[in-house]
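Notes follow the structure.
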Amino acid sequence: MHWADVTAQALSHKGNKHIVSTGITPSGEFHIGHLREILTGDMIARAAHNAGLDVEFVFIVDTADPLRKVYDFLGPEYEQFIGHQLGSIPAPNDEGNPDWKRFEQEGWTYGDSFLEPFLEALKQIGVRPRIINNLESYRSGRFAQLSKIACDRADDIRECIERISGRELPTDWFPWSPLDSKGSLDGVKVTGYEYPLVHWVDSHGVNGSSDLRKGEGKLPWRIDWPAKWGWIGVTCEPFGKDHGAAGGSYSTGREIVQILGHEPPHPLTYEWISLKGKGAMSSSAGNTVGPIEALQLVPPEILRLLVAKSKPNKAIEFDTGMGLVTLADEFERMAARDFDAELENPELSRRQRVQIEDAAGAMKMAAVEAGTKAQATAVTFRHLALLAQTKSTDDDVWASLVQSGALEAVTPQLHDRLKRMRHWIQSDHFPEEMKVNICTEPDTGALRQLDELEQSILVHLSQLLQHCKWNADDIGRCIPQAAKDLDQSPKLAYKAAYAALMGAEKGPRLAPILAEMKKDTILTLLSDCTTFIQNDTE
RNA sequence: GGGCCUGUAGCUCAGUCAGGUAGAGCGUCGGACUUUUAAUCCGAUGGUCGCGGGUUCGAACCCCGUCAGGCCCGCCA
């Protein structure tokens, strides 16, 4: 069974109505690591739906979290906002400075500016959660009831955190962080509590009171999380392995939520996504790939497959080079399979059966529109990459595919894929070994690898091409003909041609590539090659 | 120091919860295709399941220990 179905099955034992929740702090640009959080949740929700449960998927944007530091992409003016909530400060403009105008006129906040492009990406990959703005939830009193319980039972909660996390909380610790006179959560000391007010003194020596019902502050993270579970009614939540460790925030959360009068959600810990060869994703180190950037390279269903095919506890390495080709081609192969027919085979071992079921489950989850079946495009990524490089216009690409019988009609899906493919080819993610390189001068090493027979075929080929009409069909006929004229297998002609033109033993289909190039260039190259051969053998 | 996760074929992983003849894909190699030679199809190759003990008729799987990598115990998916 697919991992999402396993989770759905666990949920079904607990009841019929479920809320699957995910949450991210919009402190900077979102990256594909965040995509795992939200896709994991989305897949569980889909699986629960398929299992006949009444399920809702929510995404909490943690706009109540404070700005922790002036990140590299921010200007020094942000110093004044440290400790201020992300949903209450202006967004950075292109120079990294606060965009006051938009903030005052449209209420455009720091949190909004990072959230918006992510939501755009979610739309493309078929994820449509109910979005909950955390800061607004505080302001509208959603947390009021549970905040009261937390403050009333401060000692129980303190005991819980100290026992489970093993750290000692400061004596003036209190389960409510009030906003100070300047709007910061930092350096505020709680001096008293009488519901609904928490009294405080801030770092500037100012005294004040914070109303739990109006969002004039927030619960600290370890309480904020279980409080969300409570008021939203969360029954299942995937989270990163950092939260999942013993003593981590889930450990304390599952007890605190009970103090607050609710049951903990079903947990699912997942591993990180890293960039191949670059380690864990880190915005400050600059080695991130954003969801939008990823979508410019890969179709959404393939991005979904990446998450769907890996069990959550497996780390994922996102490779924007050759790994992408492997992944995309795997998608094509899987899309072309008939899993139901495969499962009808009575000879299957238990393991083989499980493997087929998991593959079928992963493909189901990869579909952008829930319930639809992923369609094989009949064109592999490799092949399309080749065509995209050798054909200057899209129409030529389609013509070639139709002519070769690879496809009957061009689908919108293929148009879309070609667009991304061209984008990928132009990006610096495109791997060297996928590039089609025709030699600019004879590759002497490769030519010496040819035996005399092959060399003579090459000489003959060079002559044939001189009188060849310069189109793919005619060139394509010339190559095998060069061998046939000497009563040899066409294989040898290809071998010789690859050695001369690409300096390799094998390569992609030559004729269409040559047809795209200037005849003179190729003929000059071949004549240089034959000259070299004749001189070298003497 | 305490705890969690991972370690199975060259690579990516399934199989561990319910112990029962070591599985898949990729790669590699071979064959076929007398114009789709990075394509496609067919076939083959490949593993002291990190290591050492224990339980068992039987262990990749359960138990104990150990090594290696990653992570958490500071509000970083």
Side-chain angles (χ1 to χ4, degrees), chain A residues 6 22-25 27-28 30-41 62 64-66 68 164-167 177 185 218-225 238-252 269-274 279-284 309-317 319 323 325-327 329-330 333-334 348-359 379-383 385-386 400-401 403-406 433-434 436 472-481 483-484 489-491 493-495 497-498 504-512:
Chain A
V6 172
T22 54
I24 300 173
T25 302
S27 54
F30 286 57
H31 50 69
I32 50 165
H34 295 111
L35 221 44
R36 187 169 205 178
E37 161 98 8
I38 204 128
L39 279 176
T40 304
D62 273 328
D65 282 0
R68 303 199 200 293
I164 296 173
S165 76
R167 74 183 161 118
S177 303
L185 292 165
K218 74 182 286 279
L219 295 164
W221 164 245
R222 280 183 187 256
I223 307 162
D224 172 87
W225 200 20
F239 44 81
K241 60 177 174 179
D242 50 333
H243 294 306
S249 46
Y250 183 76
S251 291
T252 50
T269 312
Y270 61 84
E271 257 283 358
W272 311 97
I273 294 183
S274 60
M281 208 81 56
S282 159
S283 318
S284 51
K309 74 171 190 146
S310 313
K311 302 205 336 182
N313 64 1
K314 288 284 181 184
I316 293 178
E317 268 198 358
D319 177 0
V325 182
T326 314
L327 179 66
D329 285 349
E330 185 180 359
R333 271 194 311 275
M334 285 171 74
L348 291 177
S349 70
R350 187 175 133 221
R351 284 173 196 173
Q352 289 171 318
R353 190 165 290 278
V354 166
Q355 232 150 21
I356 295 170
E357 284 170 357
D358 281 355
V379 184
T380 64
F381 233 55
R382 272 198 144 79
H383 195 43
L386 177 62
S400 162
L401 286 167
Q403 190 192 356
S404 65
E433 66 175 290
M434 288 289 289
V436 174
D473 283 349
D474 287 299
I475 297 170
R477 271 189 286 270
C478 273
I479 300 172
Q481 193 62 44
K484 286 185 209 165
S489 159
K491 209 172 193 172
Y494 283 109
K495 191 178 168 197
Y498 283 116
E505 280 188 42
K506 294 200 246 183
R509 226 171 123 204
L510 274 173

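Naming convention: chains lettered A, B, ... in sequence-line order (proteins, then strands); numbering from 1 in each chain.
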Would you mind reading off the distance between A/Glu357 atom CD and B/G15 atom P, rounded to a whole angstrom? 12 Å

Taking B/U55 as the reference, what is the distance to B/G15 when you measure between their C1' atoms (whole Å, please)? 22 Å

State, to 0.1 Å, how close A/Ala64 and A/Leu185 come at their nearest heavy-atom pair, and which atoms those are. O-CD1, 4.0 Å

Using the C1' atom on both, measure B/C75 against B/U12 and round to a whole Å. 35 Å

A/Val354 has a side chain; which of B/G74, B/C71, B/G15 sits nearest to it? B/G15

For A/Gln355 and B/A14, give me the distance from atom CD to atom C1', rounded to whole Å. 5 Å

Between B/C71 and B/C62, how far apart are the two P atoms, rounded to whole Å? 25 Å

Whole-angstrom distance between B/C51 and B/G46, as gauged at atom C1': 23 Å

Rounded to whole Å, how long is the line connecting atom CD of A/Glu271 with atom C1' of B/C71? 7 Å

Indicate the atoms forming the closest heavy-atom contact of A/Thr40 with A/Pro238, along with that distance. CG2-CB, 3.7 Å

Between B/G15 and A/Lys311, is there an OP1 or OP2 to side-chain N/O distance shorter than 4.0 Å? yes

I want to verify a distance call: between B/A14, B/U6, B/C75, whose nearest atom is closest to the A/Asn313 side chain? B/U6

In terms of side-chain heavy atoms of A/Lys241, which of B/C76, B/G70, B/C5 is nearest? B/G70

Evaluate the side chain to side chain contact (heavy atoms under 4.5 Å, CB included) criterion for residues A/Met334 and A/Glu330: first the C-alpha distance (whole Å), next the side-chain angles of each, then the deciding distance (0.1 Å), finally the verdict. CA-CA 6 Å; A/Met334 285 171 74; A/Glu330 185 180 359; 3.9 Å; yes

For B/G65, give its Watson-Crick or G-U wobble partner with both distances under 3.5 Å, or none. B/C51

Please tell me if A/Arg167 has a side-chain N or O lying less than 4.0 Å from either OP1 or OP2 of B/G2. no

What integer number of Å spans the C1' atoms of B/A14 and B/G47? 14 Å

Counting primed atoms plus P, OP1 and OP2 as sugar-phosphate and everything else as base, spell out the protein contacts along nucleotides 25-33 of chain B at 4.0 Å heavy-atom distance: B, S or - for each nucleotide, 5' to 3'. SS-------

I need the CZ-P distance between A/Arg477 and B/U35, as an integer number of Å. 12 Å

Between B/G53 and B/C17, how far apart are the two C1' atoms, rounded to whole Å? 24 Å

Whole angstroms only, please: what is the CG-C1' distance between A/Leu219 and B/C75? 12 Å

Decide, yes or no, whether a salt bridge links A/Lys311 with A/Asp358 under the criterion of side-chain N to carboxylate O below 4.0 Å. no

Just checking A/Pro508: base, sugar-phosphate only, or nothing, at a heavy-atom cut-off of under 4.0 Å? base

Are A/Arg222 and B/C75 close enough that a side-chain N or O sits under 4.0 Å from OP1 or OP2? yes

Residue set satisfying side chain to side chain donor-acceptor pair (under 3.5 Å) with A/Arg477, at least two apart, ordered chain then number -> A/Asp474

What interatomic distance, in whole Å, is found between C1' of B/A59 and the corresponding atom of B/G1? 33 Å

Minimum heavy-atom distance A/Thr269-A/Lys241, with the two atoms named: CG2-CA, 3.4 Å

Without swapping roles, check the side chain of A/Tyr498 against the backbone of A/Pro508 for a donor-acceptor pair under 3.5 Å. yes

Of the nucleotides B/C75, B/A14, B/C73, which one has an atom closest to the side chain of A/Ser165? B/C73

Assuming nearest nucleotide by heavy-atom distance, tell me which of A/Gly23 and A/Gly248 is located more 5' along RNA chain B. A/Gly248

Any chance you could lay out the side chain to side chain contact (heavy atoms under 4.5 Å, CB included) test for A/Ile316 and A/Glu271, step after step, and finish with the verdict? CA-CA 7 Å; A/Ile316 293 178; A/Glu271 257 283 358; over 6 Å; no

From CZ of A/Arg36 over to C1' of B/C5, roughly how many Å is that when rounded to an integer? 12 Å

Go ahead and name the base partner of B/C41; Watson-Crick or wobble counts if both distances stay under 3.5 Å, otherwise write none. B/G31

Quick one: does A/Arg68 reach the base of B/C76 with a side-chain donor-acceptor pair under 3.5 Å? no

How is A/Phe30 classified with respect to the nucleic acid when contacts are heavy atoms under 4.0 Å: base, sugar-phosphate, or nothing? nothing

Between A/Arg36 and A/Lys314 the two heavy atoms that sit nearest each other are NH1-O, 2.9 Å

Between B/U16 and B/C73, how far apart are the two P atoms, rounded to whole Å? 31 Å

Do we see a donor-acceptor contact under 3.5 Å between the side chains of A/Ser249 and A/Arg222? no

Any A/Lys314 side-chain nitrogen or oxygen under 4.0 Å from OP1 or OP2 of B/A14: yes

When both hydrogen-bonding distances must be under 3.5 Å and the geometry is Watson-Crick or G-U wobble, what is B/G20 paired with, if anything? B/C57

For A/Asp65, which contact category applies under a 4.0 Å heavy-atom criterion: base, sugar-phosphate, or nothing? nothing

Rounded to the nearest Å, what distance is computed from the CZ atom of residue A/Arg353 to the P atom of nucleotide B/A24? 14 Å

Under 4.0 Å between any heavy atoms, over every strand shown, what does A/Lys484 touch: base, sugar-phosphate, or nothing? Just pick one. sugar-phosphate

Scan nucleotides 40-47 of chain B nucleotide by nucleotide, 5' to 3', and note B when protein non-hydrogen atoms come under 4.0 Å of the base, S if they reach only the sugar-phosphate, - if neither. S-------

Mind checking who B/G10 pairs with, Watson-Crick or G-U wobble, both distances under 3.5 Å? B/C26

Taking all non-hydrogen atoms of both residues into account, name the closest pair between A/Phe239 and A/Glu37 and its distance. CA-OE1, 4.0 Å

Can you measure A/His243 atom NE2 to B/C5 atom P for me and round it to whole angstrom units? 18 Å

Taking every non-hydrogen atom, the tightest pair across A/Ser165 and A/Thr252: N-CG2, 4.4 Å

